[in-house]
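Here is the structure we will look at.
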Amino acid sequence: EEGKEPAALSALARVPSLPLIQMLLEQVPSVWPCCHRKQLASGQPLRYMLNLYQNVADRAGRPRQNRKLGANAVRLVRPFAKTRQPGAGPWYMQTLDYHLNIQPGMEHLVRATVVYSKTLLLAHAQLFCVVQLAGEAGVPKLSPPRRGKRNALVSSRMDSWEERDITSHSLPWAWDSKKSQLLRLSHVCIRLGPDDGSEPEVGWEKTASLNDPFLLLYLNDTRKGLRAKMGKASLKETPDGPVLSRKAR
Amino acid sequence: QAGNLILDLPSYSQKTSAEKDECALHSFRVSFNQLGWDHWIIAPHRYNPKYCKGTCPRILRYGYNSPNHAIVQNFINQLVDQSVPRPSCVPYKYSPISVLMIEPSGSILYKEYEDMIAESCTCR
């Protein structure tokens with residue numbers, strides 16, 4: 001209950017009838033490598049995941065019966081590196097690299113998608129964007145909206161995020177060694193309106209950065225693998241036979 | 001047939017002080033902030049794992065979903081040897097919980113953890 005001593009609460013975590021609390025404790029990250037949580041999770045990615053959460057779980061955290069995720073875990077992955085590609089005319093392009101970091105034997109990739117904003121608003125222009133997978137040849141198929149719909153697009157910018165299935169492209173990466181679990185995407189945007197040959201607008205990179213496409217990895221946490229790992233960690237052989245030991249937190 | 005036995009014992013249906021302490025499901029609300037996990041768990045804010053507590057009755061009624069073994073162990077405790085303990089009050093069914101969390105890499109993870117909320121209790 002609220003207001004009780006923290007010691008009593010930590011005791012709750014040791015109640016034998018709640019073994020998965022202990023499993024959760026095992027997963028608590030002890031060190032945060034770079035930034036505060038608020039910096040790590042903010043903006044559109046957080047909004048997207050909160051929206052996903054509200055759709056598949058109730059306020060108490062219970063998964064809804066009618067949820068259609070097809071997986072028991074969804075990981076949102078942001079790019080760890082990006083390179084601006086020099087372009088001319090109305091084209092803007094950057095290359096984005098993602099670490100998939102799927103743990104074979106513990107996580108099974110069911111589906112992968114990339115989520116990106118179809119439109120970006122700059123101070124004096126609007127960009128229409130797509131993502132291309134590495135290896136996809138040719139000019140991206142951009143079909144900018146007709147002029148008459150422009151205002152509608154601006155006002156519905158929050159709804160302009162699109163989820164594109166890239167499962168068939170991602171699967172070969174998912175089962176290989178950790179080093180090769182890299183996925184490269186091109187984020188290509190075109191300025192709406194006539195091409196006047198001017199330089200890309202200042203602020204494009206900042207706006208694009210705030211709206212970087214992100215991956216959604218739909219995973220099944222394979223409990224068998226998880227239990228095997230926990231078993232190995234906690235069961236140690238001694239001359240007198242196996243003994244159970246608690247992993248240091 | 002424990003249910004039939006109860007019908008044959010009219011006084012059994014009257015609540016005694018001992019029965020008030022009978023094995024039952026209890027609520028326990030806790031926030032992830034209280035557990036010190038709020039720096040990595042975004043949602044939900046609160047968690048009610050619930051717990052089972054109480055004495056297992058001498059006649060294990062049907063609602064406890066006790067296996068035959070528990071009923072036999074109860075009889076052994078009553079009739080043969082009291083050093084054999086009565087069955088224990090433990091969770092019977094669980095439900096999962098959905099958690100939204102931050103990973104050290106900065107990824108955001110939605111994950112469903114099985115067996116995180118006790119839904120009913122049993123004596124076994």
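Naming: A, B, ... by sequence-line order, numbering from 1 per chain. Because the structure is a prediction, the values reported are computed rather than measured.
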If you measure from [atom1] on [X] to [atom2] on [Y], what distance do you get to the nearest 0.5 Å?
X	Y	atom1	atom2	value
Ile108(B)	Arg75(A)	CD1	CZ	12.0 Å
Asp58(A)	Ile97(B)	CG	CD1	9.0 Å
Arg78(A)	Ser105(B)	CZ	OG	8.5 Å
Asn55(A)	Tyr110(B)	CG	OH	10.5 Å
Met101(B)	Met49(A)	CE	CE	9.5 Å
Ser107(B)	Leu217(A)	OG	CG	8.0 Å

Looking at Leu76(A), Val77(A), Leu216(A), which makes the most heavy-atom pairs under 4.5 Å with chain B? Leu76(A)
Side-chain heavy-atom pair Leu109(B), Val74(A) within 4.5 angstrom cut-off: no
Would you mind reporting whether Lys111(B) and Asp221(A) have side-chain heavy atoms less than 4.5 Å apart?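 With C-beta onward as the side chain, the pair touches.
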So Glu112(B) and Arg62(A), salt bridge (Lys or Arg N to Asp or Glu O under 4.0 Å) or not? Walk me through it. CA-CA 9 Å; Glu112(B) 292 170 12; Arg62(A) 291 169 190 263; over 6 Å; no
Taking side chain to side chain donor-acceptor pair (under 3.5 Å) as the test, write out the residues that go with Thr95(A), two or more places apart.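 Partners of Thr95(A) under the side chain to side chain donor-acceptor pair (under 3.5 Å) test: Gln85(A).
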Which residues satisfy the side chain to side chain donor-acceptor pair (under 3.5 Å) test with Gln78(B), sequence neighbours excluded?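 Gln78(B) satisfies side chain to side chain donor-acceptor pair (under 3.5 Å) with no other residue.
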How far apart are the C-alpha atoms of Leu46(A) and Ile42(B), what are their side-chain angles, what is the distance that settles it, and do they pass the side-chain contact (heavy atoms from CB on, under 4.5 Å) test? CA-CA 10 Å; Leu46(A) 180 62; Ile42(B) 303 168; 3.7 Å; yes
Heavy-atom pair with the smallest gap, counting every atom of Pro44(B) and Ala60(A): CG-O, 4.1 Å
Portion of Arg64(A) that has a non-hydrogen atom of chain B nearer than 4.5 angstrom: neither
Under 4.5 Å to a heavy atom of chain B? For Leu215(A) that would be neither
Residue Asn68(B) excluded, over 12 heavy atoms near CG under 6.0 Å: no
Check this for me: His26(B), atom NE2, are more than 12 non-hydrogen atoms of other residues, nucleotides or ligands nearer than 6.0 Å? yes
